[in-house]
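The structure under discussion appears below in the form of structure tokens.
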Amino acid sequence: MSEAVESLNFIEHIVEEDLKNGYSTQDLRFRFPPEPNGYLHIGHASSICLNFGLGLRYNAPVNLRFDDTNPAKEEQEYVDAIKKDVEWLGFKWDTERYASDYFQQLYDWAIELIKQGKAYVDEQSSEVMAEQKGTPTQPGTNSPFRDRSIEENLAGFQKMKDGEFDEGTHVLRAKIDMSSSNMLMRDPIMYRVLHKVHHRTNTDWCIYPMYDWTHGESDYIEQVSHSFCTLEFAMHRELYDWFLDQVIDVKKLRPKQREFARRNLSHTVVSKRKLLQLVEQNVVTGWDDPRMSTLSGLRRRGYTPESIRNFVETIGIAKRDNLIDVSLLEFHVREHLNKISPRVMGVLDPVKVVITNYPEGEVEWLDTENNPEDSSAGTRQIPFSREIYIEKDDFKEEANRKFFRLKLGGEVRLKSGYIIKAESCTKDTDGNITEIQCTYDPKSKSGSGTEESLRKVKGTLHWVSVAHALQAEVRLYDRLFTDESPDTHKDKDFMEFINPDSLKVITGFLEPSLSGAKPGDRVQFQRLGYFCVDPDSTTEKLVFNKTVGLRDTWAKLQSK
RNA sequence: UGGCCUAUGGUGUAAUUGGCAACACAGCUGGUUUUGGUCCAGUCGUUCUAGGUUCGAGUCCUAGUAGGCCAACCA
């Protein structure tokens, strides 16, 4: 095996550089820090694969740390869902942490800051403070409470902690620089009063630390070497470093924050807030609706962890704006499913075919391979009889030479069965074809080795025996949004681009071998696409989700 | 009007750190095929602009242009 020249992304270059400049691999430690206020989506997969991938690469621990500093939005349900998703993607965290584990330490440090004159209690309303904050082009002005005594601040902070103040009346602020060109440095809030029940600390606290005060210090407590986040936090780095400077012990490792661009996926939204909106407004059935860009939605849709990891690998990590076409994600799921999915036959839009010269009442069990990509997958038997279903699209009374399917007077191969010839068809009063009459060549049976069976006919159709067909609910999905980038229009809300036809529920007719299919099972309906059994499925009523269609060059030709 | 970040084929990402611009997807041609799938072969097409440094610039410098981010008691 020749060692291919490894190409690293800029984050990996940073780590390599640090290793060259004195870090040892023992120093390396990473973390994935979700806020438990929603479900993970495909964008998080990039962050997960980045951090856990680095852990694997350097054999370094990776913590799963819940950034749970806002009890108003965070719930245990989300914690559970996030853990499930990370595991499903195939990663193992070193330790499970919570920012709330550090509330006491954070509080103690805050007292120190007050004692050093670097933090103060402000009693103004948020409106007034916002006004004093200035604008990006104009400096802010100091709060009248900025210079009160340390004793006063200590007492005020104590009262905040003791629950003597109402929400919104008092905050603890870092005393930095109200004229900084970085708005975040204009005396940022460290603590606010919140009389809310926290999912872990319950009512122990009624003051809660803000993100900036919490995140870097949590990294430091855990001795995380590299703290990666998305670009919108770039301006926070200065604050991250300032807060670190206040508590750092130079003998300990100093975490560094670096930022990368979030991945945008076309025809969807990749934002917890917007996904929550879809859930709350019942545009979808839940966080795990198969149309959602959540990991749980993709899982239910039939995506495999491998396919998502491969996708994330090829889209890489960088700092520029991007819009990745969903077709790349679809490529990766097809690539994996092609290798692992058993092939079966199902007809989703049926028209009946009667083989007039086939004996009435007779049933033949035909051998067919389970997966041409995997010879060890073996074969199974499928029933053939006088009446079968084929797809409506697979028959035309008249068609040109480019149409490789069934037409009057023409022949096709029935997959793993016989060659049939269309002789006539019947229609209802509206002109819809209701039945096709065919004859078959008894000597053309697949695999029989006869001269007739070896004949080349251009088309091969999938089919199911009418008498043996299993009926199943099949859910067909299309993109949730009609616009490739629904949430980037300045004058339009992303909800205006919702695709009204993103879900179509039909009844499909499937080969009987599918009768025992279990939720999560994945198959390829030949010539149609990849499908998986939905959790809603029961033994009485099978329910399939369409994961993704096969590449369809015929459809492409037709649309020209 | 301020600050920060970014700019490489249609899309995404590389380029041994200053040394022949490449990989994947998409597109197009053809071949194989009992899935119009898979697979195989071929093909199209790229460094935002203008200066500068250098034997040599996608890479460094300057200016410009374009896009993104920044004024929540959210993260």
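In what follows, chains are A, B, ... by sequence order, proteins preceding strands, each numbered from 1.
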Nearest-angstrom distance, P atom, B:G27 to B:U8: 23 Å
Inter-nucleotide C1' distance (B:G31, B:U38), Å rounded: 14 Å
Which residues share a side chain to side chain contact (heavy atoms under 4.5 Å, CB included) with A:A130, sequence neighbours left out: none
For the base of B:A75 and the side-chain ring of A:Y211, does the geometry meet a stacking cutoff of under 5.5 Å between centres and under 30° between planes? no
Qualifying residues under side chain to side chain donor-acceptor pair (under 3.5 Å), relative to A:E451, sequence neighbours excluded: none
Please state the C1' separation for the pair B:G42 and B:A15 - nearest whole angstrom. 25 Å
Expressed as a whole number of Å, how far does the P atom of B:U59 sit from that of B:G18? 11 Å
Looking at B:G68, does its base get a donor-acceptor pair with the side chain of A:R320 below 3.5 Å? no
Say you pick atom P in B:A71 and the same atom in B:C39; how far apart are they, in whole Å? 47 Å
What integer distance in Å separates A:K490:NZ from B:C69:C1'? 12 Å
Return the 5'-most residue of the pair A:R343, A:V171 with respect to RNA chain B, ranking by each residue's nearest nucleotide. A:R343
Looking at side-chain heavy atoms only, is the closest gap between A:R343 and A:Q524 below 4.5 Å? yes
Taking only the C1' atom of each, what is the distance from B:G10 to B:C60 in whole angstrom? 30 Å
By nearest nucleotide on RNA chain B, pick out whichever of A:M235 and A:R273 is the more 5' one. A:M235
Please measure how far the C1' atom in B:A24 lies from the corresponding atom in B:U46, and state the result in whole Å. 15 Å
If the plane angle is over 60° it's perpendicular, under 30° parallel, otherwise tilted; pick one for A:F509 and A:Y389. tilted
Within the 4.0 Å heavy-atom criterion, would you say A:Q124 contacts the bases, only the backbone, or no part of the nucleic acid? base
So what is the 5' to 3' dot-bracket string for RNA chain B, if pairs are Watson-Crick or G-U wobble with both distances under 3.5 Å, crossing pairs use [ ] and | means the partner sits on another strand? .((((((..((((.....[..)))).(((((.......)))))....(((((..]....))))))))))).....
Using the P atom as the point on both nucleotides, what is the distance between B:G37 and B:C70, in whole Å? 45 Å
